[in-house]
Amino acid sequence: WGIPVQAQPSPAPEADVGTSGPLYDELARLDSLIFDASFVSCDAEAIMRLFTDDIEFYHDLTGASYGDEVRDDFRRLTSSCPRENGVTRELIAGSLEVYPMQDYGAVQRGVHRFTERGAATRTVAKFVHLWQRQADGPWKISHVLSFDHRPEPIPAPDGDG
């Protein structure tokens, strides 16, 4: 009474292109570079090389800034060198994702944590970077979204040491 239906095998699961592959590896490396330059080596010029001329930065707590205003904000950040003030940035393991954007570059999103020595809480936030592939090869960030900043308790030491 009908045509027998032959079961089709399920396709093999693909590796998640958002969390693996050459594009992911390259932009994960650049994420590390920009935050090392911002919070550890405090190298403003290294950061500037990773921004497009018309960089736009949108922050849920401080608002929007553009171009030279963004560069000035990062120069101020690095001049006070967060590392010297006990501030660290940690990318939350497994949160980074990278996706290609046809004829432009790629979008990168993740979650990171900022901890200040001696503080009772640390800050967790989400970020999105829109990376533009330059005609001469390098990647530069054209847009930053930094949002959902919220305090998180710092876990007490476990006392085992």
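Heavy-atom basis, side chains included; hydrogens, waters and symmetry copies ignored.
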Determine whether Phe35 and His112 satisfy the following criterion, side-chain contact (heavy atoms from CB on, under 4.5 Å), listing intermediate values before the conclusion. CA-CA 11 Å; Phe35 284 101; His112 48 196; 3.7 Å; yes
Residue pair His143 / Ile55: nearest heavy atoms and the distance that separates them: N-CD1, 4.1 Å
Can you see which heavy atom on Arg122 is nearest to which on Phe114, and at what distance? CB-O, 3.1 Å
Is any side-chain N of the basic residue among Arg71 and Asp73 closer than 4.0 Å to the acidic one's carboxylate O? no
Is it the case that one hydrophobic cluster holds both Met101 and Val128, taking links as side-chain heavy atoms less than 4.5 Å apart, direct or via other members? yes
On a heavy-atom basis, which atom in Trp139 and which in Leu50 lie closest, and how many Å separate them? O-CD2, 4.1 Å
Between Ser41 and Asp43, does any side-chain donor sit less than 3.5 Å from a side-chain acceptor? no
When rounded to the nearest 0.5 angstrom, what is the spacing between CG in Leu77 and CD1 in Ile47? 6.5 Å
Under 3.5 Å: donor-acceptor pair, side chain of Arg150, backbone of Asp148: yes
Test item: Arg83 side-chain N/O and Val40 main-chain N/O as donor-acceptor pair under 3.5 Å: yes
Under the salt bridge (Lys or Arg N to Asp or Glu O under 4.0 Å) rule, what pairs show up with a residue in residues 87-96, not counting sequence neighbours? Asp31-Arg89, Glu90-Arg113
Rounded at 0.5 Å granularity, tell me how far CG in Asp54 sits from CG in Asp68. 11.0 Å
Hey, mind stepping through Val87 and Phe39 against side-chain contact (heavy atoms from CB on, under 4.5 Å) and telling me if it holds? CA-CA 7 Å; Val87 178; Phe39 287 87; 3.9 Å; yes
Please check if the distance between the ring centroids of His149 and Phe147 is under 6.0 Å. no
Looking only at heavy atoms, which two atoms of Ala44 and Arg75 are closest? And how far apart? CB-CG, 4.0 Å
Taking atom types as modelled, is there a side-chain donor on Gln102 or Tyr104 under 3.5 Å from an acceptor on the other? no
State, to 0.1 Å, how close Phe57 and Ser146 come at their nearest heavy-atom pair, and which atoms those are. CE2-CB, 4.1 Å
Is there a chain of hydrophobic side chains (I, L, V, M, F, W, Y, each step under 4.5 Å between heavy atoms) that links Ile34 to Val111? no
CG (Leu27) and CD (Glu97) are apart, to the nearest 0.5 Å, by 13.0 Å
Taking the side chain as every heavy atom from C-beta outward, state whether Ser38 and Pro82 have any atom pair closer than 4.5 Å. no
Using 0.5 Å steps for rounding, measure from the SG atom of Cys42 to the CD atom of Glu84. 6.0 Å
Kindly say whether Leu130 contributes a backbone atom to a donor-acceptor pair with the side chain of Ser142 at under 3.5 angstrom? yes
Is there a path of hydrophobic side-chain contacts, each under 4.5 Å between heavy atoms of I, L, V, M, F, W or Y residues, that connects Val124 with Leu91? no
Just how far is it from atom CD1 of Ile154 to atom CD of Glu116, taken to the nearest 0.5 Å? 9.0 Å
Of all heavy-atom pairs linking Thr78 and Ala37, the shortest is CG2-O, 3.7 Å
Are the aromatic ring centres of Phe74 and Phe51 under 6.0 angstrom apart? yes
Can you tell me how far OG of Ser65 sits from CG of Asp72, rounded to the nearest 0.5 angstrom? 9.5 Å
Hey, are the side chains of Thr52 and Gln134 touching, using non-hydrogen atoms and a 4.5 Å cut-off? yes
Is the backbone of Ser80 close enough, under 3.5 Å, to the side chain of Asn85 for a donor and an acceptor to pair up by distance? yes
If only side-chain N and O atoms count, and only distance matters, is there a donor-acceptor pair under 3.5 Å linking Tyr58 with Glu56? yes
According to a hydrophobic-cluster definition based on side-chain heavy atoms being under 4.5 Å apart (Ile, Leu, Val, Met, Phe, Trp, Tyr only), do Tyr99 and Leu145 belong together? yes
Donor-acceptor under 3.5 Å (His129 side chain, Trp131 main chain): no
